[in-house]
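Some notes on the structure that comes next.
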Amino acid sequence: MGPYDRCQRAKERLMITTTITSSLREALEDLGITPQSDAINLEQPANKEHGDWSSNIAMVTAKNAGRAPRELATEIANKINADLPDGVENVTVAGPGFINFTLAPLWLHNVLLEILNQGVEQFGRTDLGEGKKVNVEFVSANPTGPLHAGHARGACYGDAVANILGAVGFNVEREFYVNDRGIQVSLFADSLLARQSGDQVPENGYGGEYVEQWAQKMPHGLSQEEALSWGCEYAKEDQRQTLESIGIVFDTWFSERSMVDSDAIENTIADLGEAKATYEKDGASWLQSSQYGDDKDRVLIKSDGEFTYLTPDIAYHRDKFNRSDSLINVWGADHHGYVARMKAAMEALGHDPDELTVAITQLVKLVRGGEEVRLSKRHGEIIELREIIEEIGPDATRFMYLLQSVDTKQTFDLDLAASKVMENPVFYVQMAHARLRSIQSKAETLQMWPFPIEHSDLSLLVHQREMDLLRTLFNFTDVVQLSERELAPHKIATWLRELATSVHGFYHDCYVVGDGVSQELTSARLQLVESARIGLVSGLDLLGVEAPNSM
RNA sequence: GCCCCCGUAGCUCAGCUGGAUAGAGCAACGGACUUCUAAUCCGUAGGUCGCAGGUUCGACUCCUGCCGGGGGCGCCA
């Protein structure tokens with residue numbers, strides 16, 4: 001156990017805030033005030049002039065204590081200033097009553113040590129999920145054609161969410177639900193067969209160009225059932241390959257049809273009946289979803305004896321619940337109305353509806369040549385996901401889709417994304433990494449790197465750029481947790497852009513290897529370079545984006 | 001009519017469990033390379049945070065009601 005043991009570092013990190021918090025608590029007690037809540041809030045001020053850490057405790061407790069906030073803050077600050085804790089340089093009062101703490105740069109140097117010690121395998125990762133099993137279902141496109149642009153956002157989002165959940169300690173399963181049963185795949189099979197014999201596709205059939213191409217590859221003389229199997233398998237494989245080309249690999253491809261053989265659907269209907277959650281009306285079988293928070297009741301079995309779309313899906317979600325502690329579904333905005341009924345069904349079956357989270361992704365508006373690209377399946381005017389990936393590359397595809405909150409509808413300019421110009425943020429971030437690697441390889445050539453951290457004097461790192469870099473890096477763990485809590489990978493993307501900005505600034509102002517830089521400073525900066533590199537790799541990794549060594 | 005998302009700089013968007021003077025990128029203008037990638041950096045300009053109330057010491061953030069845009073409300077999938 002050396003001086004740079006990871007656990008010790010983690011404690012030291014906590015020590016900073018713990019020390020400040022307890023000094024605040026002591027001061028309050030001295031003044032005879034008990035804080036309303038037991039938690040004393042600390043935050044990092046946006047403005048650096050306000051110190052490294054700030055507390056609003058005086059403003060929060062002032063009213064209850066019958067004191068003026070600013071006056072109370074001053075008394076607290078005076079008490080702490082009279083006996084400064086280790087690592088705190090001074091305490092001041094500002095604004096309406098903030099108590100601001102300025103720390104010795106040491107605390108940021110400890111951050112650096114912590115990052116180097118953790119490396120890309122550990123940095124930002126925690127075990128908050130306690131290994132609980134989470135199933136993330138996303139994409140789940142119908143096996144009736146290639147993936148198109150409309151699937152892309154959910155695909156990139158779902159995979160990034162799964163990465164983030166894994167990073168905070170959940171046991172994640174990525175799952176794709178294949179709707180290989182029902183009217184759509186029947187029509188698809190009919191369309192393939194029709195095209196193969198040179199006939200028109202049937203009413204409501206699939207008229208895309210790909211149907212023609214696929215039909216030619218299909219073996220002749222297949223029955224409708226065989227054509228269906230062949231078509232679904234072909235489509236699934238096509239989709240799988242496209243997803244794999246942007247690094248998305250599913251653990252499970254769950255076949256809807258498999259539930260017919262296993263009687264899972266029938267059993268589910270029976271169990272809903274036993275739970276007294278169904279009834280017959282007008283020759284149909286209904287789910288009493290309105291008893292469980294839905295707007296109205298929903299049909300499970302139509303009067304013609306067919307299941308509705310909902311019914312196998314209920315059986316499917318139940319199956320997932322039996323395999324996982326909690327479920328996350330990624331659905332498009334057009335399926336929003338579906339959430340309440342699915343939760344209702346799960347509750348009726350005795351599952352906790354709160355363990356099912358449905359993330360809704362808003363639509364993406366594709367723009368090309370300054371005009372919106374209309375997607376029309378009927379006319380076969382679809383933009384395949386494959387085309388987008390080929391145009392702009394896997395990294396740009398993923399990064400662009402993950403740049404924004406899925407709560408907002410996104411405008412995706414294909415021309416801009418396709419053109420390999422500086423506007424593309426992924427280049428900015430990847431370039432930051434390439435530059436750091438460039439510094440390292442130069443140092444490697446000169447046999448100056450790797451260099452043992454024990455022999456580096458980190459106290460030489462005092463430049464504003466260096467401090468900025470470390471401050472940004474420090475936030476990563478919190479950003480990861482926040483993005484997990486809100487299922488918001490775009491927060492990682494935002495943080496990466498911030499970090500890249502810090503890196504470029506540092507690169508510009510702080511020369512690392514060369515004449516005019518002392519060997520001591522070089523070695524200290526090389527440690528910083530490595531910590532920043534770990535940050536970039538860690539963040540990009542969560543988004544599934546490569547960190548190239550050169551560009 | 002009901003439900004969900006959005007409305008922040010000219011454009012595309014950030015803004016954490018409410019905090020201090022609302023931030024980036026692009027576009028515009030002006031600067032910076034004898035050294036590790038100028039795909040970079042620095043500066044200037046640009047805002048009634050859709051509107052109106054409410055809660056609070058404090059609201060872009062929370063609550064209510066409007067306005068505007070998108071999506072959804074099937075015995076379709």
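By convention in this document, chain letters (A, B, ...) are assigned in the order of the sequence lines, proteins followed by strands, and residues within each chain are numbered from 1.
- When rounded to the nearest whole Å, the span between OH of A/Y428 and P of B/A38 equals 13 Å.
- Look at A/H433 and you won't find any side-chain N or O under 4.0 angstrom from OP1 or OP2 of B/A39.
- A distance of about 12 Å separates the C1' atoms of B/G10 and B/G47, rounded to the whole Å.
- When Watson-Crick and G-U wobble pairs are counted only if both distances are under 3.5 Å, B/G10 pairs with B/C26.
- Rounded to whole angstrom, the span from the NE2 atom of A/H463 across to the P atom of B/C41 amounts to 15 Å.
- Nucleic acid contact for A/K365: none, since no nucleic acid atom lies under 4.0 Å from a heavy atom of the residue.
- Here B/G19 is the nucleotide among B/C13, B/G19, B/A39 with the atom lying nearest to any side-chain atom of A/F98.
- Looking at the side chain of A/M431, the nearest of the listed nucleotides B/A39, B/C41, B/C57 is B/A39.
- Note on A/S303: a base of the nucleic acid sits closer than 4.0 angstrom, heavy atoms only.
- The pair A/D52-A/R471 meets the salt-bridge criterion, with a side-chain N (NZ, NE, NH1 or NH2) lying under 4.0 Å from an Asp/Glu carboxylate O.
- B/U35 atom C1' lies 13 Å from atom CZ of A/R435, rounded to whole Å.
- As judged by a 4.0 angstrom heavy-atom cut-off over every strand, A/E498 is placed among residues making no nucleic acid contact.
- For the P atoms, the distance linking B/C75 with B/G71 amounts to 22 Å, nearest Å.
- In this structure, the CD1 atom of A/I301 is 11 Å from the C1' atom of B/C75, given to the nearest Å.
- Toward the 5′ end of RNA chain B lies the nearest nucleotide of A/I439, the other residue of the pair A/V299 and A/I439 mapping further downstream.
- In this model, a donor atom of one side chain and an acceptor atom of the other lie less than 3.5 Å apart for A/T308 and A/T311.
- As judged by a 4.0 angstrom heavy-atom cut-off over every strand, A/N179 is placed among residues making no nucleic acid contact.
- Between the P atom of B/U8 and the CD atom of A/Q404 lies a distance of 13 Å, rounded to the nearest Å.
- With a cut-off of 3.5 Å on both Watson-Crick or G-U wobble distances, the partner of B/U34 is given as none.
- Counting any heavy atom pair closer than 4.0 Å across all strands shown, A/N100 reaches a base atom.
- When the nucleotides B/A77, B/C41, B/A39 are ranked by their closest atom to the side chain of A/H504, B/C41 comes out on top.
- B/U34 and B/U61 have their P atoms separated by 49 Å, given to the nearest Å.
- What separates CZ of A/R497 from P of B/A14 is a distance of 10 Å, to the nearest Å.
- A/V211 places a side-chain heavy atom less than 4.5 Å from the side chain of A/L192.
- Listed candidates were B/U40, B/A20, B/C57. Nearest to the side chain of A/V60 is B/C57.
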Problem set entry | A/E444/A/R437 under salt bridge (charged side-chain N to carboxylate O under 4.0 Å, His left out): CA gap, chis, key distance, verdict | CA-CA 10 Å; A/E444 281 159 13; A/R437 278 298 302 143; 3.6 Å; yes
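- Between the side chain of A/D313 and the base of B/A77 there is no donor-acceptor pair of N/O atoms closer than 3.5 Å.
- The shortest distance between the side-chain N/O atoms of A/K63 and the OP1/OP2 oxygens of B/U56 is not below 4.0 Å.
- Within 3.5 Å, no donor on the side chain of A/T308 pairs with an acceptor on the base of B/C75, nor the reverse.
- Neither OP1 nor OP2 of B/G7 sits under 4.0 Å from any side-chain N or O of A/K409.
- Counting non-hydrogen atoms under 4.0 angstrom, A/D334 reaches the backbone sugars and phosphates but no base.
- Atom pair A/I99:CD1 and B/G19:C1' shows a separation of 14 Å (rounding to whole Å applied).
- With B/G19, B/C36, B/C16 as the choices, the nucleotide that has an atom nearest any side-chain atom of A/L482 turns out to be B/C16.
- Counting non-hydrogen atoms under 4.0 angstrom, A/S54 reaches a base of the nucleic acid.
- Checking B/A77, B/A20, B/U17 against every side-chain atom of A/N142, the shortest atom distance belongs to B/A77.
- When distances run from any side-chain atom of A/Y507 to the nucleotides B/C76, B/C3, B/C36, the shortest one goes to B/C36.
- Among the atoms of the strands shown, base atoms are found under 4.0 Å from some heavy atom of A/A94.
- Using a 4.0 Å heavy-atom cutoff across all strands shown, A/R181 reaches no nucleic acid atom at all.
- Residue contacts for A/H335: at a heavy-atom cut-off of 4.0 Å it reaches a base atom on one of the strands shown.
- Straight-line distance between the P atoms of B/C6 and B/C62: roughly 9 Å, to the nearest whole Å.
- Counting heavy atoms from C-beta on, the side chains of A/F506 and A/D468 never come closer than 4.5 Å.
- Among the nucleotides B/C36, B/C42, B/A77, the one closest to any side-chain atom of A/K302 is B/A77.
- Using a 4.0 Å heavy-atom cutoff across all strands shown, A/Q430 reaches no nucleic acid atom at all.
- Checked against B/C13, B/U35, B/A14, the side chain of A/T411 finds its nearest nucleotide in B/C13.
- Heavy atoms of other residues, nucleotides or ligands lying less than 6.0 angstrom from CD of A/Q481 number more than 12.
- Distance A/R298 CZ to B/G74 P: 6 Å, rounded to the nearest Å.
- Not a single donor-acceptor contact under 3.5 angstrom links the side-chain atoms of A/T494 to the base of B/A24.
- Taking atom P in both B/C11 and B/G72, one finds a spacing of 27 Å when rounded to whole Å.
- Residue contacts shown for A/H336 include a base, since a base heavy atom lies under 4.0 Å away.
- Side chain of A/V513, nearest nucleotide from B/C36, B/C16, B/G19: B/C36.
- Counted by atom type alone, A/Q527 and A/S456 present one or more donor-acceptor pairs between their side chains at under 3.5 Å.
- In this structure, the side chains of A/H433 and A/R533 come closer than 4.5 Å at one or more pairs of heavy atoms.
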